[in-house]
S.K.: 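Sharing a structure below in structure tokens format, with a few things to ask.
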Amino acid sequence: MTLLCISCMQREEVFAVTNVEWFYQPRNGNRSLIFEYNEGKPRELLSPFKGRLQWIGSKDLQDVSLILHNVTITDSGRFICNVNRTLHFEAHQHSTTSNVEINLIVSEIEREDFTSVLSEIMMYILLAFLTLWLLIEVVYCYRKISKAEEVTQESVTDYLAIPSENKENCPVPVEEQ
């Protein structure tokens, strides 16, 4: 599960020191610090997530996201990302803070209900029925076409069986050369 936290820096050409804190607050519970990034080093703190958090933030610290591995139902709650950035100008320093809150709700994997199982069975029965119907239609059409070809073949044979007229009795005069 990616806990996404983006905090864009307005002026990239200005040197800045960025500190990141990730908090977790369970439902009806107290907020506790679970991860921090200070002085260029990510550090996971003692928490219920120990060993399951992974820093995936960018080098320029505009993306300061975490990955939470092996999510469980007990991980439901609010994750808060605080980004404190101090911009160092020649004459003065300017600090900015941004917060991102993520409400995570983890639920059990739902089992398929009876309706979806029944509809899947009906789909396969319908598919089998339509395939059988299509096969019957193909056989029927093939027989119909074969019978029509037989009738056509017989009529052609009958037509060719008419005795041909000889040259002398031909209705159209034939000229010999």
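Just the heavy atoms: all of them, side chains too, but no hydrogens, waters or symmetry mates, feed the values below.
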S.K.: Tell me every residue that passes side-chain hydrogen bond (donor to acceptor under 3.5 Å, both in side chains) with Asn99, counting only those two or more places apart in sequence or in another chain.
M.R.: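 In terms of side-chain hydrogen bond (donor to acceptor under 3.5 Å, both in side chains), with neighbours along the sequence ignored, Asn99 is linked to no residue.
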S.K.: With rounding to the nearest 0.5 angstrom, report the CD to CG distance, Glu21 to Asn82.
M.R.: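 Answer for the CD-CG pair, Glu21 versus Asn82, is 6.0 Å.
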S.K.: Ser58: which residues meet the side-chain hydrogen bond (donor to acceptor under 3.5 Å, both in side chains) condition with it, sequence neighbours left out?
M.R.: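 Here the qualifying residues are Asp60.
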S.K.: Taking all heavy atoms of Ser116 and all of Ser119, pick out the closest pair and write down the distance.
M.R.: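 Of all heavy-atom pairs spanning Ser116 and Ser119, the closest is O-OG, 2.9 Å.
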S.K.: Check the hydrophobic clustering (I, L, V, M, F, W, Y; side-chain heavy atoms under 4.5 Å; chains of links allowed) and say if Val117 and Ile125 are grouped together.
M.R.: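 In one cluster: yes.
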S.K.: For Phe23, which fellow cluster members are found when Ile, Leu, Val, Met, Phe, Trp and Tyr are connected by side-chain heavy-atom distances below 4.5 angstrom, either directly or through intermediates?
M.R.: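 Under the 4.5 Å side-chain rule, Phe23 groups with Leu33, Leu45, Ile80.
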S.K.: Excluding sequence neighbours, so at least two apart, what forms side-chain hydrogen bond (donor to acceptor under 3.5 Å, both in side chains) with Ser98?
M.R.: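 Ser98 satisfies side-chain hydrogen bond (donor to acceptor under 3.5 Å, both in side chains) with Ser7 once adjacent residues are dropped.
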S.K.: Which pairs count as salt bridge (charged side-chain N to carboxylate O under 4.0 Å, His left out) when at least one residue sits in residues 66-84, sequence neighbours excluded?
M.R.: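 Applying salt bridge (charged side-chain N to carboxylate O under 4.0 Å, His left out) to every pair that reaches into residues 66-84, excluding sequence neighbours, yields Arg52-Asp75, Arg78-Glu101.
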S.K.: In the hydrophobic cluster built from side-chain contacts under 4.5 Å, what are the other members alongside Leu104?
M.R.: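 Answer for Leu104: Met1, Leu3, Val20, Trp22, Tyr24, Ile34, Phe35, Tyr37, Phe49, Leu53, Trp55, Leu61, Val64, Leu66, Leu68, Val71, Ile73, Phe79, Val83, Val100, Ile102, Val106.
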S.K.: Looking only at side-chain N and O atoms, does Thr96 offer a donor or acceptor that is under 3.5 Å from a partner on Arg85?
M.R.: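 Side chains of Arg85 and Thr96: no pair found under 3.5 Å.
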S.K.: Counting only heavy atoms not in Asn103, do more than 12 fall under 6.0 Å of its CG?
M.R.: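 Yes - once you tally the heavy atoms of other residues, nucleotides and ligands closer than 6.0 Å, there are more than 12.
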S.K.: Short question: side chain of Gln25, backbone of Gly29 - any donor-acceptor pair under 3.5 Å?
M.R.: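 Looks like yes, one N/O pair under 3.5 Å.
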S.K.: Name all residues meeting the side chain to side chain contact (heavy atoms under 4.5 Å, CB included) criterion together with Ile6; count only those two or more places apart in sequence or in a different chain, and write none if there are none.
M.R.: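 Ile6: side chain to side chain contact (heavy atoms under 4.5 Å, CB included) contacts with Leu4, Cys8, Asp63.
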S.K.: For Met122, I'd like to know if atom CE has over 12 heavy atoms of other residues, nucleotides or ligands within 6.0 Å.
M.R.: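 It does not: Met122 CE has 12 such atoms or fewer within range.
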S.K.: Name all residues meeting the side-chain hydrogen bond (donor to acceptor under 3.5 Å, both in side chains) criterion together with Thr74; count only those two or more places apart in sequence or in a different chain, and write none if there are none.
M.R.: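 Checked Thr74 against side-chain hydrogen bond (donor to acceptor under 3.5 Å, both in side chains); matches are Thr72.
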S.K.: Any side chain to side chain donor-acceptor pair (under 3.5 Å) involving residues 130-148? Give me the pairs, sequence neighbours left out, ordered by first then second residue.
M.R.: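 Applying side chain to side chain donor-acceptor pair (under 3.5 Å) to every pair that reaches into residues 130-148, excluding sequence neighbours, yields nothing.
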S.K.: For residues 86-93, please give each side-chain donor-acceptor pair under 3.5 Å, one per line with the distance, not counting sequence neighbours.
M.R.:
from: Thr86; atom 1: OG1; to: Ser95; atom 2: OG; distance (Å): 3.4
from: His88; atom 1: ND1; to: Gln93; atom 2: NE2; distance (Å): 3.0

S.K.: Just jot down the salt bridge (Lys or Arg N to Asp or Glu O under 4.0 Å) partners of Arg43, sequence neighbours excluded, or say none.
M.R.: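 Checked Arg43 against salt bridge (Lys or Arg N to Asp or Glu O under 4.0 Å); matches are Glu36.
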S.K.: With sequence neighbours left out, write down each residue that passes side chain to side chain contact (heavy atoms under 4.5 Å, CB included) with Leu130, or none if nothing qualifies.
M.R.: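 If we apply the side chain to side chain contact (heavy atoms under 4.5 Å, CB included) test to Leu130, skipping adjacent residues, the hits are Leu126.
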